[in-house]
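Just so we're on the same page: letters track the sequence lines, and every chain starts at 1.
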There are 2 protein chains.
Amino acid sequence: MIVNGEHKAYRINDKIYHCGTSVTMGFIGGKWKCVVLWYLRNGALRFSELRRLSPYITEKMLSIQLKSLEKDGLVARTSYGEKAPFRVYYNLTSFGETLIPVIKALTDWGIALATNKGEMIDVDGSEAGG
Amino acid sequence: MIVNGEHKAYRINDKIYHCGTSVTMGFIGGKWKCVVLWYLRNGALRFSELRRLSPYITEKMLSIQLKSLEKDGLVARTSYGEKAPFRVYYNLTSFGETLIPVIKALTDWGIALATNKGEMIDVDGSEAGG
DNA sequence: CCGTATCCTAAAAGATACTG
DNA sequence: CAGTATCTTTTAGGATACGG
């Protein structure tokens with residue numbers, strides 16, 4: 001970013017960002033974070049529920065993303081039970097909720113494009129047996 | 001994405017996306033595409049102008065991103081001159097312009113966070129020399 | 001001026017098996 | 001149920017040199 005002819009940047013928690021877009025992408029970039037945040041927009045979900053809603057994310061990736069989102073303060077984790085099987089819920093923090101309008105803009109644009117220029121298809125052989 | 005208990009997906013130009021967010025991220029994901037699109041929001045810019053505005057992108061990466069944005073129909077390339085030095089301008093297409101409100105949402109969120117929780121710093125020794 | 005070509009590293013993501 | 005651990009593949013990104 002250039003301000004009055006000088007190169008400037010933002011520093012947040014010792015990370016350097018060269019423009020506002022990069023800041024946001026640092027929080028929601030990658031393949032899965034937006035997806036997870038979007039699924040949490042209506043309330044807490046369990047690990048297994050997120051897995052079912054997003055069947056193409058592996059357990060490992062979901063775990064990594066949730067940890068990262070928690071570390072960034074976007075998501076909170078609550079665990080119930082003394083021993084397995086545990087019940088673990090994830091929900092947006094108030095900070096995380098501030099991202100929902102942003103992700104809604106992303107999602108709406110994608111759905112509009114898919115509606116106009118794409119088509120909806122079945123996956124996982126859900127045609128069979130139906 | 002799950003519709004009536006069945007897994008569905010979008011297909012756009014033979015690419016498969018499992019939710020609306022993923023569609024948009026396919027177009028603007030990565031480190032640089034949003035940045036480039038954002039700089040083009042007010043009109044055409046030359047390759048070298050984009051380089052100056054975004055000094056941390058290498059020529060190779062800028063070239064790759066512009067090619068990709070052009071292929072996706074978000075950006076148009078216009079070249080003037082018979083032989084070197086050429087003048088090459090990049091501008092948003094009308095399709096690309098539909099992304100500007102989305103990227104504005106991203107950018108505004110990042111700037112708001114930087115303003116509240118971060119600080120602006122000088123880079124490249126621009127302090128030296130006054 | 002506007003890029004390509006080549007080589008390289010690092011980060012992201014995926015497959016699979018396993019555990020308290 | 002809610003994850004870890006390990007290994008492998010894929011993709012993104014960067015450094016540098018060169019070309020029309």
Side-chain angles (χ1 to χ4, degrees), chain A residues 15-19 21-22 25-36 39-40 44-72 75-91 123-124, chain B residues 9 15-19 21-22 25-37 39-40 44-72 75-91 123-124:
Chain A
K15 289 186 192 171
I16 305 296
Y17 305 92
H18 292 284
C19 66
T21 335
S22 306
M25 291 302 276
F27 281 81
I28 65 172
K31 191 169 177 177
W32 295 114
K33 283 182 181 175
C34 272
V35 177
V36 171
Y39 280 128
L40 292 176
L45 290 174
R46 297 176 66 168
F47 189 89
S48 53
E49 292 173 317
L50 284 166
R51 278 282 282 148
R52 269 189 289 275
L53 286 168
S54 194
Y56 293 95
I57 189 171
T58 62
E59 294 180 339
K60 176 197 151 189
M61 290 310 298
L62 180 55
S63 177
I64 287 174
Q65 303 310 322
L66 287 168
K67 269 194 201 318
S68 176
L69 292 168
E70 193 186 356
K71 175 161 163 278
D72 283 340
V75 157
R77 177 186 185 277
T78 313
S79 166
Y80 300 94
E82 297 298 309
K83 56 178 183 177
F86 300 103
R87 284 167 299 131
V88 179
Y89 288 85
Y90 293 92
N91 65 283
V123 287
D124 276 354
Chain B
K15 287 187 192 170
I16 305 296
Y17 305 91
H18 291 284
C19 66
T21 335
S22 305
M25 291 302 276
F27 281 81
I28 65 172
K31 191 170 176 178
W32 295 114
K33 283 182 181 175
C34 272
V35 177
V36 171
L37 293 170
Y39 280 128
L40 292 177
L45 290 174
R46 297 177 64 169
F47 188 89
S48 52
E49 291 174 317
L50 284 166
R51 278 282 283 148
R52 269 189 289 276
L53 286 168
S54 195
Y56 292 95
I57 190 171
T58 63
E59 293 182 339
K60 175 195 151 188
M61 290 310 297
L62 181 55
S63 176
I64 288 174
Q65 303 311 321
L66 286 168
K67 269 195 201 315
S68 176
L69 292 168
E70 194 186 356
K71 175 161 163 278
D72 283 341
V75 157
R77 177 185 185 277
T78 312
S79 165
Y80 299 96
E82 296 300 307
K83 56 178 182 177
F86 300 102
R87 284 166 300 132
V88 179
Y89 289 85
Y90 293 92
N91 65 281
V123 287
D124 277 354

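- Look at A:Arg87 and you won't find any side-chain N or O under 4.0 angstrom from OP1 or OP2 of D:dA2.
- Shown here for A:Leu45 and A:Tyr39, the closest heavy-atom pair between the two residues is CD1-O, 3.3 Å.
- Here CG of A:Leu62 is found 8.5 Å from CD of A:Glu59. Values are rounded to the nearest 0.5 Å.
- Each of A:Ala84 and B:Tyr89 was assigned the nucleotide of DNA chain C with the nearest heavy atom; the assignment lying further toward the 5' end belongs to B:Tyr89.
- Using a 4.0 Å cut-off, no side-chain N or O of A:Lys83 falls inside it from OP1 or OP2 of D:dC1.
- With a 4.5 Å cut-off on side-chain heavy atoms, A:Tyr56 and A:Val123 count as touching.
- One atom, CD1 of A:Ile28, and another, C1' of C:dA12, lie 17 Å apart when rounded to the nearest Å.
- The shortest distance between the side-chain N/O atoms of A:Tyr90 and the OP1/OP2 oxygens of D:dG3 is below 4.0 Å.
- Summary of the strand contacts: B:Phe86 and A:Gly30 both lie near DNA chain C, and taking for each the nucleotide with the nearest heavy atom, the more 5' one is attributed to B:Phe86.
- Atom P of nucleotide D:dA12 and atom NZ of B:Lys31 are separated by 14 Å, given to the nearest angstrom.
- Between B:Arg52 atom CZ and C:dC2 atom C1' the separation is 12 Å, expressed in whole Å.
- Atoms CZ and OG, on A:Arg46 and A:Ser79 in that order, are 10.0 Å from each other to the nearest 0.5 Å.
- Contact between the side-chain N/O atoms of A:Lys60 and the OP1/OP2 oxygens of D:dT6 is not found at any separation under 4.0 Å.
- Of all nucleotides listed (C:dG14, D:dC1, D:dG14), C:dG14 comes nearest to the side chain of A:Trp32.
- Residue B:Ser63 places at least one side-chain N or O closer than 4.0 Å to OP1 or OP2 of C:dT4.
- Taking the side chain of B:Val88 as heavy atoms from C-beta on, and the options D:dG14, C:dC2, D:dC1, the nearest nucleotide is C:dC2.
- Proximity note for B:Lys67 (side chain, C-beta onward) versus C:dG3, C:dA13, C:dT4: the nearest is C:dT4.
- Distances were taken from every side-chain heavy atom of A:Glu59 (C-beta onward) to each of D:dT4, C:dG3, D:dG14; the shortest belongs to D:dT4.
- A donor-acceptor pair under 3.5 Å is formed between the side chain of B:Arg51 and the backbone N or O of B:Ile57.
- Look at CG on A:Leu62: it is 12 Å from P on C:dG14, rounded to the nearest Å.
- Protein atom CG of B:Leu45 is 15 Å distant from nucleotide atom P of C:dC1, rounded to whole Å.
- Between the CD1 atom of B:Ile64 and the C1' atom of D:dA12 there is a distance of 9 Å, given to the nearest Å.
- In this model, the phosphate group of D:dA12 is not approached by any side-chain N or O of B:Gln65 to a distance below 4.0 Å at OP1 or OP2.
- For the OP1/OP2 pair of C:dC2 and a distance below 4.0 Å, the side-chain nitrogens and oxygens of B:Ser48 include at least one atom meeting the criterion.
- Atom C1' of nucleotide D:dG3 and atom CE of A:Met61 are separated by 15 Å, given to the nearest angstrom.
- For the atom pair A:Arg77 CZ and A:Phe47 CZ, the distance stands at 10.0 Å (nearest 0.5 Å).
- One atom, CZ of B:Arg51, and another, P of D:dA15, lie 11 Å apart when rounded to the nearest Å.
- The side chain of B:Arg77 places an N or O atom within less than 4.0 Å of a non-bridging phosphate oxygen (OP1 or OP2) of C:dG3.
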